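Reading through the structure tokens given below for one structure.
Because only heavy atoms are used, hydrogens play no part in the values below, and waters and symmetry mates are left out as well, while side chains stay in. Predicted, not measured: the structure shown is a model, and the values here were computed from it.
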Amino acid sequence: MTSNRNSNSNRNRNNNRRYNNPRRGRRANRYHRILRRMQSRLWLIFGVVCVLFVVLIIRLMYIEYTSGEKYEKIVLSQQGYSNEVIPFQRGDIVDRKGSVLATSVDVYNVILDCKVLNQTPEKIDDTIAAITKYFPEISEEQIREALKDRKDSQYEILLKKTDNGRMQAFEDMRKEDANKDKIAGIWFEKEYMRQYPYDSLAAALIGYCSDGNTGALGIESQYNSSLNGANGRKYGYYGDNNAIENTVIPPENGKTIVSTIDVNVQSIVEQEILNWNEAHRGDTADGSLNTACIVMNPNNGEVIAMASYPGFDLNNPRDLSHRFTPEQLAAMPEEVQVEELSKLWKNFCVSNTYEPGSTFKPFTVATALEIGSINGDETYMCDGKEVVSSHEIHCVNRDGHGLLTVEGSLLESCNDALMQIVRTIGPDAFFDFQSNFGFGQKTTVDLPNEASTKNLLYTREELERTESNLATNSFGQNFNVTMIQLASAYCSLINGGNLYQPHVVNSMLDSSGNKVFSNNPVVLKKTVSKDVSDILKKYMLHVVTDGTAKEVQVEGYNIGGKTGTAEKLPREEGNYLVSFIGFTPYNHPEIVIYTVVDTPKVPDQAHSSYAQEITQRILDQILPYLNIERADQDPVE
């Protein structure tokens, strides 16, 4: 017992000694301090790593925000990125019945990807052989030079604007089993080329496209933004097998412009103008300086036909070979050629100004009737001249017409009687009615380059100051108009007094054929009362049946109108602009036609019969076509 207690006691002492040993405690404390220090360092390192990670994220976000696009391009350029523009198709221009006047057909550029072809050198010879076989214009030297000098280029144009048939033949060949793995690095870039199915028809009215999709002249220019659309895009990456996985944003095609023009009427008008000029050509290039014609609907301002001669080929607008010999063109300075082209491209109906002559006389008579300065029962003695401010102003008939009624003054186209009538109107009322009919103002027809006549009319003060100014204005001399201006004003004279804004576009259609715009008729002003309009219609009917315009008659139709013969400046040279403006049927006018022959190349120019001849031949063909009422359906009231 004693021995066991002693051993237990010894163990307890040893244990107490072990645990109460100061050196042992110091070692434990040191261990704990080291452990805590290591934990602190680990936490510090962890904190630093977290901070660096946050800084790295912030830095990456900053780089992405400021330079992401740059680095993206670098990466994409190293991955064979494909980015191809898909062009939009410019909208068509069609006539009122849907016949296509202007359209865009697809053509293709042959593109060589040097980088891809150089990566597969075993395909180079077969690819070159295929290209030169289907496109002989491309030489083997041209291709090999591109592969050597621009080996990393992915866009080398080998040939521009080849047609769809040749492109498709090449593609069909490439799809054949024997050729699938032989050809690489060739693709076709689609474009559109403007075409005009009727060549020169309505050239100045339609206009043409210059570089790209930029409209020049006519509807092509006026409605350029509507005809154009927005390009699409195809992009993707080249895979290991040179296949491209594409993402496509489709293009938005342009709108179709539905014009008010009737192709058949336009064709007839242009053919008759051409026939007349060829018949009177003589030793000159043309039978006149200019010949032009407008056919309008007087009840809404629609232009059914607008022709200007000489013209040009819309598919080759810079060609002068139809007007000059090769020798003449070779000797012609460039600036002269540009001047000649400018003359051809000018739309006489809209852009030229001139003195209207006697076609203005109905407006003078209408003004007098409207303000009540005459009532239509008056008579006037024509002795061949009128003395105005000590100046003798002669009538067309130097011997005089004798006693004339108001209606007779138009039938005989008497200057003397008109000068007497305008004296009753006075300068103030005459100026006001000139403005009311739209003279001196643009019609705002939807065509470019409309000429301004604002400064080509006498002001109110000038009419008041000089009596001769008022006198000569009464019969259409000493002030200028445009064809579209006079035709629009004349429409109001015979439609009951509504001056419509003239227009050549009826509506627009989107690429699905849905109507997105309608050009509704716009009445700009009220010019005369219906009663005055009816009186003038009767007067002008008799001008055709019994007066100066007998040559314009078409059997079976009631036609009214007025002739014009204006002496051009300088007066002593003896050059004239002759014209005719008329309407039919009598009771309910459906068309107005205005024909101008500027400086006919004949010895004796001063005869409106030249314009009447053209007009009569046009009406003889278009009246049955347009289903215009005949005389037995349109009795004169």
Distance-minimising heavy-atom pair for [X] and [Y]:
X	Y	result
M296	G301	CE-O, 3.7 Å
V269	A305	CG2-CB, 4.2 Å
V592	I494	CG2-CD1, 3.8 Å
W276	P600	CH2-CB, 3.8 Å
A102	E220	CB-OE2, 3.9 Å
L470	P427	CD2-N, 3.9 Å

Do the side-chain N and O atoms of [X] and [Y] include a donor-acceptor pair separated by under 3.5 angstrom?
X	Y	value
S518	S507	no
N575	Q605	yes
Y625	D262	yes
N415	K385	no
S413	K562	yes
E270	Y198	no
E629	H588	no
T563	T548	yes
E450	T443	yes

- Check ring pair (Phe, Tyr, Trp, His ring centres under 6.0 Å) between F431 and all other residues, then give those that pass, not counting sequence neighbours.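 Ring pair (Phe, Tyr, Trp, His ring centres under 6.0 Å) list for F431, sorted by chain: empty.
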
- Answer yes or no: does atom CD of E461 have more than 12 heavy-atom neighbours from other residues, nucleotides or ligands under 6.0 Å?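 Correct, the count exceeds 12.
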
Side-chain heavy-atom pair [X], [Y] within 4.5 angstrom cut-off:
X	Y	value
N473	Q434	yes
L410	E407	no
V263	R96	no
L369	N375	no
V365	L418	yes
R465	E462	yes
T584	I593	no
T599	L577	no

Donor-acceptor pair, [X] side chain versus [Y] backbone, under 3.5 Å?
X	Y	value
T359	P356	yes
D416	D383	yes
Q477	E567	yes
Q501	T444	yes
N495	C491	yes
T472	S468	yes

In Å and rounded to the nearest 0.5 Å, what is the [atom1] to [atom2] distance from [X] to [Y]?
X	Y	atom1	atom2	value
S474	M419	OG	CE	6.5 Å
Y354	D598	OH	CG	9.5 Å
D432	T367	CG	OG1	10.0 Å
L201	Q271	CG	CD	10.5 Å
Y557	L623	OH	CG	5.5 Å
M540	T545	CE	OG1	12.5 Å

Pair up each side-chain donor or acceptor in residues 521-536 with any protein partner under 3.5 Å, not counting sequence neighbours, and list the distances.
from, atom 1, to, atom 2, distance (Å)
K525, NZ, S435, O, 2.9
K525, NZ, Q441, OE1, 2.9
K526, NZ, G496, O, 2.9
T527, OG1, S492, OG, 3.0
T527, OG1, G497, O, 3.3
S529, OG, E370, OE1, 3.3
S529, OG, V532, N, 3.3
K530, NZ, D534, OD2, 2.9
S533, OG, L493, O, 2.9
S533, OG, G496, N, 3.1

- Step by step, work out the side chain to side chain contact (heavy atoms under 4.5 Å, CB included) result for V258 and L509. CA-CA 8 Å; V258 182; L509 310 177; 4.0 Å; yes

- Answer with yes or no after comparing the ring centroid distance for F363 and F439 against a 6.0 Å cut-off, counting only values under it.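 F363 vs F439: aromatic centres under 6.0 Å.
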
Non-neighbouring partners of [X] that pass side-chain contact (heavy atoms from CB on, under 4.5 Å), sequence neighbours left out:
X	answer
T453	T353, L456, L457, T482, Q485
S200	none
T291	I273, N277, S288, Y309, V597, I614

- Task: Mind telling me whether Y610 and H280 have parallel, tilted or perpendicular rings, with 30° and 60° as the class edges?
- Result: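 Because their plane-to-plane angle is over 60°, the rings of H280 and Y610 count as perpendicular.
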
- Can you check side chain to side chain donor-acceptor pair (under 3.5 Å) on T364 and K361, steps first, answer last? CA-CA 5 Å; T364 301; K361 289 175 180 175; over 6 Å; no

- Message: T565 vs S608, test: side chain to side chain donor-acceptor pair (under 3.5 Å). Steps then yes/no.
- Response: CA-CA 6 Å; T565 304; S608 67; 4.7 Å; no

- Should R423 and E386 count as an ion pair when the cut-off is N to O under 4.0 Å?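 Result for this pair is yes, salt bridge flagged.
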
- Message: I'd like to know if D428 and R460 make a salt bridge, using a cut-off of under 4.0 Å between side-chain N and carboxylate O.
- Response: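 Salt bridge: yes.
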
- Message: Under the side chain to side chain contact (heavy atoms under 4.5 Å, CB included) test against Q266, which residue among V295, D95, I261, L101 passes?
- Response: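 Going through V295, D95, I261, L101 one by one, the side chain to side chain contact (heavy atoms under 4.5 Å, CB included) with Q266 is satisfied by I261 alone.
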
- Task: Determine the sole option in I219, I206, V504, N506 for which the side chain to side chain contact (heavy atoms under 4.5 Å, CB included) test with S259 is passed.
- Result: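 Testing each of I219, I206, V504, N506 against S259, the sole residue satisfying side chain to side chain contact (heavy atoms under 4.5 Å, CB included) is I219.
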
- Sequence neighbours left out, what pairs pass ring pair (Phe, Tyr, Trp, His ring centres under 6.0 Å) with at least one residue falling in residues 466-509?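 Listed once each, the pairs are F360-F479.
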
- Message: Ring of F517, cation from K255 - is the NZ or CZ under 6.0 Å from the centre and inside 45° of the axis?
- Response: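 The answer is no, since K255 fails at least one limit relative to F517.
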
- Item | From CA spacing to verdict: side chain to side chain contact (heavy atoms under 4.5 Å, CB included), V505, Q222 | CA-CA 10 Å; V505 167; Q222 186 75 15; over 6 Å; no

